[in-house]
Peer 1: 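One structure follows; several queries about it will come next.
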Amino acid sequence: MAGATLALWALTACGGSSGGGGDDPTTTPATTQAAKDKGPQCIGEAPADGAHVLRGGGFRLPGGGGVQYAAASADGTSRTATLRDGAGYGSGQQQWTVKPGSRITVSGHTYTVRQVCSYRVVLEPQDAKDKAALAAAPKSMEFAGGTADNTLCFTTNRAVLAAAAKSFPAKGQTLSLLDNGGVKQLPTGPSLTVSYIDTAAGTAGLGANCAGVPVALYKDVRAGDTVEFAGVLFKVSGLTEQAVRLTRTSE
């Protein structure tokens, strides 16, 4: 079973910064096809006890702090990720570009980037106490709302991940996420939503929230793309005006 998604605050790693802007169009722009990721899909190997920081989302880590997977880059042979300090977006945050083997320090706790994928970054705690904290069993398996759910939302605990996995269709079967406010609520806290569907471009936006943190925000996904929710992998298998269909690909 894969590990869970999470956030970091104060980070050190190799890196750069990004930014952008533009003028509002004076006429309605034509629909354009979102750029396709050049791959490879993943670089590096994910350890069983690694923390999964999902694309566009944040993860809270032991000892305080958090990190976000802010952006991805791939050129067909290599892949890097941009990590931003903080579990949620804020002005003036720093960000770093990382690859497998990069080390980051968050609130005095060191993590090694073990895997960078189009849909996640996997961090491995270097301290045994941090590994144990991530794997600790929660006091309750039912979510209450807010930070009380940290041990359900930001965890590598096998029982929590198994409970979340049982909320989804079995491997090879399809989950439909409805547009226009439809929410898939998992018993362990995460809620999944569709932010938009553009059938002309063949793209959609998918998101997940848990313990008051946006833990994933997949923009411009298309048929064939991989996404992850609560440690479970899915392939986007179809888009309609009403729903995004996801086929489960992991156990």
Side-chain angles (χ1 to χ4, degrees), residues 1-8 34-48 50-59 66-84 87 95 97-100 102 111 113-124 153-156 161 164-165 167-169 171 174-175 177 184 186 190-197 202-210 213-239 244-251:
M1 180 65 62
T5 58
L6 308 298
L8 293 30
K36 184 174 176 59
D37 190 294
K38 295 179 181 179
Q41 186 176 67
C42 292
I43 295 289
E45 298 294 328
H52 291 204
V53 185
L54 302 186
R55 179 77 171 269
F59 194 105
V67 69
Q68 301 159 68
Y69 182 176
S73 178
D75 60 10
T77 59
S78 63
R79 176 174 287 281
T80 61
T82 300
L83 299 182
R84 183 190 298 133
Q95 54 189 36
T97 300
V98 300
K99 60 184 179 180
S102 297
Y111 300 82
V113 177
R114 291 302 185 193
Q115 186 183 57
V116 176
C117 297
S118 60
Y119 55 91
R120 74 183 182 201
V121 170
V122 181
L123 304 177
E124 183 179 31
C153 299
F154 311 109
T155 182
T156 60
L161 296 176
S167 306
F168 296 120
K171 183 178 180 180
T174 299
L175 168 69
L177 296 179
K184 167 69 174 176
L186 305 188
S191 59
L192 317 183
T193 59
V194 175
S195 57
Y196 77 90
I197 299 175
T203 59
L206 306 176
N209 288 270
C210 202
V213 172
V215 295
L217 180 57
Y218 295 110
K219 297 180 180 179
D220 296 332
V221 295
R222 65 183 75 227
D225 284 351
T226 296
V227 296
E228 178 177 335
F229 295 115
V232 178
L233 298 182
F234 298 88
K235 183 166 287 188
V236 179
S237 52
L239 305 174
V244 177
R245 295 193 298 272
L246 304 176
T247 298
R248 182 170 173 170
T249 58
S250 66
E251 297 295 341

Peer 1: Where is the tightest heavy-atom contact between Y69 and A81, given as atom of each residue plus distance?
Peer 2: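 Heavy-atom minimum between the residues: CE2-CB, 3.5 Å.
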Peer 1: Measuring from atom NZ of K171 to atom OG1 of T247, what distance do you get when rounded to the nearest 0.5 angstrom?
Peer 2: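 With rounding to 0.5 Å, NZ (K171) is 12.5 Å from OG1 (T247).
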Peer 1: Does either side chain, that of D75 or that of T77, offer a donor lying less than 3.5 Å from an acceptor on the other one?
Peer 2: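 A pair is found: one side chain offers a donor N or O, the other an acceptor, under 3.5 Å apart.
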Peer 1: Between L54 and Y218, is a side chain to side chain contact (heavy atoms under 4.5 Å, CB included) present by the stated rule, with each step listed?
Peer 2: CA-CA 9 Å; L54 302 186; Y218 295 110; 3.8 Å; yes
Peer 1: In this structure, which one of R120, R248, R55 forms a salt bridge (charged side-chain N to carboxylate O under 4.0 Å, His left out) with E228?
Peer 2: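 Among R120, R248, R55, the one that satisfies the salt bridge (charged side-chain N to carboxylate O under 4.0 Å, His left out) with E228 is R120.
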Peer 1: Might you point out which heavy atoms bring F168 and A230 nearest each other, and give the distance in Å?
Peer 2: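 Taking F168 first and A230 second, the nearest heavy atoms are CE1-CB, 4.3 Å.
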Peer 1: Write down the atom of L83, the atom of V121, and the distance for their closest heavy-atom approach.
Peer 2: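 Of all heavy-atom pairs spanning L83 and V121, the closest is CD2-CG2, 4.3 Å.
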Peer 1: Please report the closest heavy-atom contact between K99 and R79, naming both atoms and the distance.
Peer 2: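 Nearest pair, atom of K99 first, then R79: CB-O, 4.3 Å.
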Peer 1: Under a 4.5 Å cut-off applied to non-hydrogen side-chain atoms, are V215 and P190 in contact?
Peer 2: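 No - every pair of side-chain heavy atoms lies 4.5 Å or more apart.
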Peer 1: Show the numbers, then the answer: is there a side chain to side chain contact (heavy atoms under 4.5 Å, CB included) between V213 and Q68?
Peer 2: CA-CA 10 Å; V213 172; Q68 301 159 68; over 6 Å; no
Peer 1: Working to the nearest 0.5 Å, report the span between CG of L175 and CZ of R245.
Peer 2: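 These two atoms lie 11.5 Å from each other.
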Peer 1: Among V116, D37, T80, exactly one meets side chain to side chain contact (heavy atoms under 4.5 Å, CB included) together with S73. Which residue is that?
Peer 2: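 Going through V116, D37, T80 one by one, the side chain to side chain contact (heavy atoms under 4.5 Å, CB included) with S73 is satisfied by T80 alone.
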Peer 1: Counting C-beta onward and ignoring hydrogens, is there a side-chain heavy-atom pair between D220 and Y196 closer than 4.5 Å?
Peer 2: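 SC-SC contact between D220 and Y196 confirmed.
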Peer 1: Counting C-beta onward and ignoring hydrogens, is there a side-chain heavy-atom pair between I43 and S78 closer than 4.5 Å?
Peer 2: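 Counting from C-beta outward, I43 and S78 never come under 4.5 Å.
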Peer 1: At their closest point, which heavy atom of P47 faces which heavy atom of R114, and how far apart are they?
Peer 2: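 What the structure gives for the nearest pair is CD-CB, 3.6 Å.
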Peer 1: Report the residue from L246, D225, L192 that forms a side chain to side chain contact (heavy atoms under 4.5 Å, CB included) with L206.
Peer 2: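 Among the candidates, only L246 passes.
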Peer 1: Between atom NZ of K184 and atom OG of S191, what is the distance when rounded to the nearest 0.5 Å?
Peer 2: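 Taking NZ in K184 and OG in S191, the distance rounds to 11.5 Å.
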Peer 1: Mind telling me whether F234 and F229 have parallel, tilted or perpendicular rings, with 30° and 60° as the class edges?
Peer 2: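 Judged by the thresholds at 30° and 60°, the geometry between F229 and F234 is tilted.
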Peer 1: If you measure from OG1 on T193 to CG on L177, what distance do you get to the nearest 0.5 Å?
Peer 2: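 Output value for this atom pair is 8.5 Å.
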Peer 1: Using only atom types and a distance under 3.5 Å, with no angle test, would you say the side chain of Y119 pairs donor to acceptor with the backbone of C42?
Peer 2: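 Absent.
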Peer 1: Please confirm whether the backbone N or O of V113 pairs with a side-chain atom of S102, one donor and one acceptor, at under 3.5 Å?
Peer 2: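 No; zero donor-acceptor contacts below 3.5 Å.
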Peer 1: Do the side chain of K36 and the main chain of R222 share a donor and acceptor less than 3.5 angstrom apart?
Peer 2: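 Here the side-chain-to-backbone pair does not exist.
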